Amino acid sequence: MRYELVIFDNDGVLVDSEPISNTLLAAYLTELGHPTSYEDSLRDYMGAAMHRVHDLVEERTGERLPADFDDVFHGRVFAAFERELEPVPGAVEVLEKLAADGIPYCVASSGSHQRIRVGHRKTGLDRWFDDERIFSSQDVGRGKPAPDLFLHAAERMGVPPEKCVVVEDSPLGVRAARAAGMDVYGFTAMTPAARLAGADRLFGEMGELLELLRN
């Protein structure tokens, strides 16, 4: 394989969490007086760290979200994860193959460390991710679309950016990977291909990824 490190986004790439979290985010923002549809949430916040939600609401309305917004939202999300969360179809097989072949991989997510771990534990993906393979936007000053998170992950894993490939499903993530000087493969299972046009390659089923990585 021509890459020395595969960096996975988490939400929507490894765990099928985007429908759950964006449904809840849209509902909570609407509840607080900021009408938001599910489609709005996907467009504006998918792949972003929580500070983007605060920043955009304040920019658009002049109002700040409540101080406990993140805690309340994450409480709702984690409860829903326990009831509903599943791995993305094909993700288990991809991780099994990478691990069996000794190909380095990690996850670099806009979500918090707690969110990543809750999702991995519920879906059984925690068996493939020890602490040394988990990176969160909490670890850096700026989340996606800034390159900081991906550069941090590559540095900690000991691989130059140009030898890394990122697997992403959000426009913000694609922009971050490109800014980091990394190749990026866009996963179109939930995101229209046109919105991931900056990616080097596009694929719609996780099972396709292994073949793409070999060629």
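Since this is a predicted model, take the numbers as computed values, not measurements.
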Enquirer: Roughly how far, to the nearest 0.5 Å, is CG of D169 from CZ of R195?
Expert: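 These two atoms lie 10.5 Å from each other.
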
Enquirer: Find out whether L32 and P66 are in side-chain contact, i.e. whether some heavy atom of one side chain is under 4.5 Å from a heavy atom of the other.
Expert: yes

Enquirer: Identify the heavy atoms of F150 and E168 that sit nearest to each other, and give their distance.
Expert: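 That would be CZ-OE2, 3.5 Å.
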
Enquirer: Would a 4.5 Å heavy-atom cut-off, applied to side chains only, mark S17 and R115 as touching?
Expert: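 The answer is yes, as the side chains (C-beta and beyond) meet within the 4.5 Å cut-off.
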
Enquirer: Check whether L202 and F187 end up in the same hydrophobic cluster, where Ile, Leu, Val, Met, Phe, Trp and Tyr are linked by side-chain heavy atoms less than 4.5 Å apart.
Expert: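 The answer is no; the residues belong to distinct hydrophobic clusters.
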
Enquirer: Do we see a donor-acceptor contact under 3.5 Å between the side chains of D139 and H113?
Expert: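 Checked: D139/H113 side chains pair up, N/O donor to acceptor below 3.5 Å.
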
Enquirer: If we only count heavy atoms from C-beta on, is the L209 to R201 side-chain gap below 4.5 Å?
Expert: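 They are not in contact (no side-chain heavy atoms under 4.5 Å apart), so the answer is no.
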
Enquirer: Determine yes or no for a side-chain-to-main-chain donor-acceptor pair under 3.5 angstrom, with S37 supplying the side chain and D40 the backbone.
Expert: yes

Enquirer: Any link between Y38 and V77 through a network of hydrophobic side chains (Ile, Leu, Val, Met, Phe, Trp, Tyr) touching at under 4.5 Å?
Expert: no

Enquirer: Could you state the interatomic distance from CG (L210) to CD (E93), rounded to the nearest 0.5 Å?
Expert: 9.5 Å

Enquirer: Rounded at 0.5 Å granularity, tell me how far NZ in K144 sits from CG in L172.
Expert: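 If I round to the nearest 0.5 Å, the distance is 8.5 Å.
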
Enquirer: Under a 4.0 Å threshold between the charged nitrogen and the carboxylate oxygen, would R121 count as salt-bridged to D126?
Expert: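 A salt bridge is absent here (no side-chain N lies under 4.0 Å from a carboxylate O).
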
Enquirer: How would you list all residue pairs meeting side-chain hydrogen bond (donor to acceptor under 3.5 Å, both in side chains) that involve residues 152-162, not counting sequence neighbours?
Expert: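 Pairs touching residues 152-162 that pass the test: none.
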
Enquirer: With the 4.5 Å side-chain cut-off for hydrophobic clustering, are I103 and F203 part of the same group?
Expert: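 Same cluster: I103 reaches F203 through Ile, Leu, Val, Met, Phe, Trp or Tyr contacts under 4.5 Å.
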
Enquirer: Any idea how F78 and H74 line up, ring-wise: parallel (<30°), tilted (30 to 60°), or perpendicular (>60°)?
Expert: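 Taking H74 first and then F78, their aromatic rings lie parallel (interplane angle under 30°).
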
Enquirer: List the atom of V159, the atom of C164, and the distance in Å for their closest heavy-atom pair.
Expert: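 Reported closest heavy-atom pair: CG1-SG, 3.7 Å.
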
Enquirer: I'd like to know if the side chain of T36 reaches the main chain of L29, judged simply by a donor and an acceptor atom lying under 3.5 Å from each other, with no hydrogens or angles considered.
Expert: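 Answer holds: no.
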
Enquirer: For residues L125 and V92, report the shortest heavy-atom separation together with the two atoms involved.
Expert: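 Looks like CD2-CG2, 3.9 Å.
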
Enquirer: Assess whether a salt bridge exists between D55 and R52, defined as any Lys/Arg side-chain N lying under 4.0 Å from an Asp/Glu carboxylate O.
Expert: no

Enquirer: Do the side chains of D9 and V166 get nearer than 4.5 Å, heavy atoms only?
Expert: no

Enquirer: Which residue, L56, V57, V53, forms the side-chain contact (heavy atoms from CB on, under 4.5 Å) with D44?
Expert: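 So, applying the side-chain contact (heavy atoms from CB on, under 4.5 Å) to D44 and each of L56, V57, V53, only L56 qualifies.
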
Enquirer: To the nearest 0.5 Å, tell me how far L65 CG sits from M50 CE.
Expert: 8.0 Å

Enquirer: Which heavy atom of L196 sits nearest to which heavy atom of S170, and what is that distance?
Expert: CD2-C, 3.5 Å

Enquirer: Is any side-chain heavy atom of R117 closer than 4.5 Å to one of F129?
Expert: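 No - every pair of side-chain heavy atoms lies 4.5 Å or more apart.
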
Enquirer: If hydrophobic clusters are built by linking Ile, Leu, Val, Met, Phe, Trp and Tyr wherever their side-chain heavy atoms come under 4.5 Å apart, do L213 and L5 end up in the same one?
Expert: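 No: no chain of side-chain contacts under 4.5 Å links L213 to L5.
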
Enquirer: Answer yes or no: does atom CZ of R64 have more than 12 heavy-atom neighbours from other residues, nucleotides or ligands under 6.0 Å?
Expert: no

Enquirer: Check this for me, if you would: do R76 and E82 make a salt bridge, where the nitrogen-to-carboxylate-oxygen distance has to be below 4.0 angstrom?
Expert: no

Enquirer: Between T30 and H34, is the side-chain contact (heavy atoms from CB on, under 4.5 Å) condition met? List the steps.
Expert: CA-CA 5 Å; T30 300; H34 307 290; over 6 Å; no

Enquirer: Sorted by first residue and then second, give each side-chain hydrogen bond (donor to acceptor under 3.5 Å, both in side chains) pair with at least one member in residues 172-185; sequence neighbours left out.
Expert: R2-Y185, Y3-D183, Y3-Y185, R178-D200

Enquirer: Side-chain donor-acceptor pair under 3.5 Å between N22 and S41, yes or no?
Expert: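 Side chains of N22 and S41: pair found under 3.5 Å.
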
Enquirer: Hey, what do you get for CD (E211) to CD (E208), rounding to the nearest 0.5 Å?
Expert: 10.0 Å

Enquirer: Report yes if the side chains of S109 and F135 come closer than 4.5 Å at any heavy-atom pair, otherwise no.
Expert: no

Enquirer: Go through D11 and S21 one step at a time and tell me if the side-chain contact (heavy atoms from CB on, under 4.5 Å) criterion holds.
Expert: CA-CA 9 Å; D11 294 292; S21 58; 5.5 Å; no

Enquirer: What orientation do Y28 and F73 show, parallel under 30°, tilted 30 to 60°, or perpendicular over 60°?
Expert: parallel

Enquirer: Just how far is it from atom CG of D70 to atom NE2 of H51, taken to the nearest 0.5 Å?
Expert: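 Rounded to the nearest 0.5 Å, the CG-NE2 separation comes out at 11.0 Å.
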
Enquirer: Mind listing the closest non-hydrogen atom pair of V94 and M206 along with its distance?
Expert: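 It is CG2-O, 3.5 Å.
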
Enquirer: Report the C-alpha separation of I7 and M157 in whole Å, then their side-chain angles, then the decisive distance to 0.1 Å, and conclude whether the side-chain contact (heavy atoms from CB on, under 4.5 Å) test is met.
Expert: CA-CA 10 Å; I7 303 177; M157 296 293 291; over 6 Å; no

Enquirer: Decide yes or no on side-chain contact (heavy atoms from CB on, under 4.5 Å) for R142 and L149, but give the supporting numbers first.
Expert: CA-CA 8 Å; R142 299 179 300 167; L149 175 57; over 6 Å; no

Enquirer: How about CD on E205, more than 12 heavy atoms from neighbouring residues, nucleotides or ligands closer than 6.0 Å, or not?
Expert: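 No, because the 6.0 Å sphere around CD of E205 holds 12 heavy atoms or fewer from other groups.
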
Enquirer: Say whether, by atom type as modelled, one donor and one acceptor occur between the side chain of S110 and the main chain of G47 under 3.5 angstrom.
Expert: yes

Enquirer: What pair of heavy atoms forms the shortest contact from T123 to V15, and how long is it?
Expert: OG1-CG1, 3.8 Å

Enquirer: Do V13 and L42 share a hydrophobic cluster, counting only Ile, Leu, Val, Met, Phe, Trp and Tyr and linking them when any side-chain heavy atoms are less than 4.5 Å apart?
Expert: no

